[in-house]
Amino acid sequence: MKVAVIGGGVAGLSAAYFLAKSGVDVKVFEQKYLLYGASGRNSGGLTLQFNNEPLIRLAKRTLELYDSIQSEVGFNFLLRKDGYVKIASERDEAKLKEEVEFQRRNGVNVELVEPEFVRVLFPDINTSAFSVASYFADGGVVFPWPVVWGLAKGCRELGVEVYDYTPANVELKGNELIVKANGESYKVDYVINAAGAWSNEISKQVGVELGNKVYKEEICVTESLKPYVDPYVMDISTGVYFSQSMRGEIVGGILGSETTTLETKASLDFLTSYAKRITELVPKLRGMAILRQWAGLYDVGRNGMPVIGETKVKGFIQLNGFGRHGMSLALAAGEGVAELIMKGRSSIIEPFKP
């Protein structure tokens, strides 16, 4: 069996890794470098705090896989399970409370907590800026770069050919799928479309209408402070989020907005908006220098859900639409697609079939 994966992010590499473990001949095609897409341009937050039961199951399995895969491939993902906190102002209090009730009904060990509880976790937070919070103790942060590098290492050691700087096109000739890249043509049994923000374009090449929306999100890092912020913090009322890296940098951004252009240029508007919001939430950060800022693109399925599974074109598999939660979902989704190809079924991704 021969499989081509379009996209060298966490989802595509995960699918390739699990297929290769089953002895499948796999090729991965990445149009630029391996960290070019959303998998290399995000803040690494990990949580089960979703409003959808299938997403909770995917995230739970993904958290399990982080531990096992980094051991298998011998690569430290710099994973920290120091908690994930969502905070909300009074106007979003009812929304957050309903979310917590739903998550608890679905087996998530999440707590509804007061602002003072959050201040114990992070003494410098301005508790007057929010009225309620939810706390998932087993959530946290992973560094996206070593996840991608480690998966690529594991794939190559299993015989997967991972091509970077290699744009690929997919053609449907009769009932055959042909991938063209590097001036070569590859006849394959399956194509996995894990191209993220570019998944719409890949789908169109074989006559499949995907319709994912694309969002642009910007992030920045400050100069280093002594490490003291353990959890990942998300403010659902303002869209601001932040955590601290192991080097002491404050890594943060604002939730993305829909875009029609596939470009990753950073903006001054983001920086001024973020600085205003983050210093209201953490006054101590006033005057901190910004060392670097960047932008990334991610795609979201039509109904706000990932698009995972078979399509009308035999052998053409979708593995995209994760939104900004790819680090929490993509490992398990890749495993599920590998199971689908090998066994014709996968319980963990069944609800996502497009």
Side-chain angles (χ1 to χ4, degrees), residues 42-60 62-63 81-141 213 215 217-219 229-243 252-258 270 273-274 276-283 285 298 300-306 321-329 351-352:
N42 67 84
S43 58
L46 299 176
T47 187
L48 271 61
Q49 291 156 285
F50 297 104
N51 289 327
N52 179 280
E53 188 272 336
L55 290 183
I56 290 172
R57 287 195 290 115
L58 269 184
K60 182 178 180 181
T62 291
L63 279 180
K81 294 183 180 179
D82 291 328
Y84 193 110
V85 176
K86 284 189 175 183
I87 62 176
S89 64
E90 189 173 343
R91 67 183 171 86
D92 292 311
E93 188 171 321
K95 175 183 175 182
L96 189 61
K97 288 180 178 178
E98 289 175 8
E99 181 180 289
V100 169
E101 290 173 3
F102 175 84
Q103 291 158 1
R104 290 182 67 86
R105 288 197 304 270
N106 283 276
V108 180
N109 185 25
V110 61
E111 303 174 59
L112 191 69
V113 297
E114 298 295 326
E116 284 301 317
F117 179 94
V118 180
R119 185 154 63 180
V120 172
L121 297 174
F122 178 37
D124 287 335
I125 199 161
N126 176 14
T127 54
S128 64
F130 61 102
S131 62
V132 70
S134 65
Y135 175 58
F136 176 54
D138 294 326
V141 185
K213 293 181 179 180
Y215 287 75
E217 188 159 311
E218 297 188 57
I219 307 176
V229 184
D230 291 332
Y232 185 104
V233 180
M234 161 63 74
D235 184 348
I236 69 169
S237 296
T238 66
V240 165
Y241 55 88
F242 67 92
S243 64
I254 303 175
L255 293 181
S257 56
E258 190 173 351
F270 155 74
S273 296
Y274 173 74
K276 180 177 184 297
R277 296 185 193 182
I278 192 68
T279 54
E280 289 172 353
L281 194 58
V282 189
L285 297 183
Y298 58 78
V300 181
R302 293 182 186 181
N303 59 357
M305 298 287 285
F322 295 100
R324 66 181 311 276
H325 296 295
M327 301 307 294
S328 290
L329 304 171
F352 297 96

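A donor-acceptor contact shorter than 3.5 Å is absent between the side chain of N106 and the backbone of E53. No donor-acceptor pair closer than 3.5 Å links the side chain of R324 to the backbone N or O of Y298. Without hydrogens or angle criteria, S237 side chain to S89 main chain gives a donor-acceptor distance under 3.5 Å. No donor-acceptor distance shorter than 3.5 angstrom exists from the side chain of T47 to the backbone of Y84, with no hydrogens or angles considered.
Under the side chain to side chain contact (heavy atoms under 4.5 Å, CB included) rule, L281 has a single partner from T127, I87, T238, D124, which is I87.
The distance from atom OG of S328 to atom NZ of K60, rounded to the nearest 0.5 Å, is 15.0 Å. Atom CE of residue M305 and atom CG of residue L329 lie 9.0 Å apart, to the nearest 0.5 angstrom. The CD atom of E218 lies 12.5 Å from the OH atom of Y274; values are rounded to the nearest 0.5 Å. Put simply, CD on Q103 and CG on N52 are 11.0 Å apart, with the number rounded to the nearest 0.5 Å.
Taking all atoms of both residues into account, the shortest heavy-atom contact from F102 to N51 is CE2-C, 3.3 Å. Between S134 and V113, the closest heavy-atom pair is N-CG2, 4.4 Å. The two atoms that bring V110 and F136 nearest to each other are CG2-N, 4.4 Å, heavy atoms only. Closest non-hydrogen pair, L96 versus K86, comes out as CD2-O, 3.7 Å. Heavy-atom minimum distance, V300 versus G304: CG1-CA, 3.6 Å. Scanning both residues, I219 and G252, for their nearest heavy atoms gives CG2-O, 3.2 Å.
K81 NZ: more than 12 foreign heavy atoms inside a 6.0 Å radius.
Listed by first then second residue, pairs satisfying salt bridge (Lys or Arg N to Asp or Glu O under 4.0 Å) with a partner in residues 100-116 read E116-R119, not counting sequence neighbours.
Y241 and E217 share a side-chain donor-acceptor pair at under 3.5 Å. One side chain, S43 or Y232, offers a donor N or O that lies under 3.5 Å from an acceptor on the other. Side chains of E90 and S131: a donor-acceptor N/O pair is absent below 3.5 angstrom, by distance only.
Counting heavy atoms from C-beta on, the side chains of L55 and F352 come closer than 4.5 Å. The shortest distance between side-chain heavy atoms of V85 and L121 falls below 4.5 Å. Residues F242 and V229 are in side-chain contact: their nearest non-hydrogen atoms beyond the backbone lie under 4.5 Å apart. Using a 4.5 Å heavy-atom cutoff, the side chains of I56 and V108 are in contact. Residues I125 and F130 are in side-chain contact: their nearest non-hydrogen atoms beyond the backbone lie under 4.5 Å apart.
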Practice task
I would like to know whether K276 and E280 meet salt bridge (Lys or Arg N to Asp or Glu O under 4.0 Å); could you show each step before the answer?
Solution key: CA-CA 6 Å; K276 180 177 184 297; E280 289 172 353; 3.0 Å; yes
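Stacking of R57 on the aromatic ring of F50 is not recorded, the 6.0 Å distance cut-off and the 45° axial limit not both being met.
The salt bridge (charged side-chain N to carboxylate O under 4.0 Å, His left out) test applied to D82 returns R80, not counting sequence neighbours.
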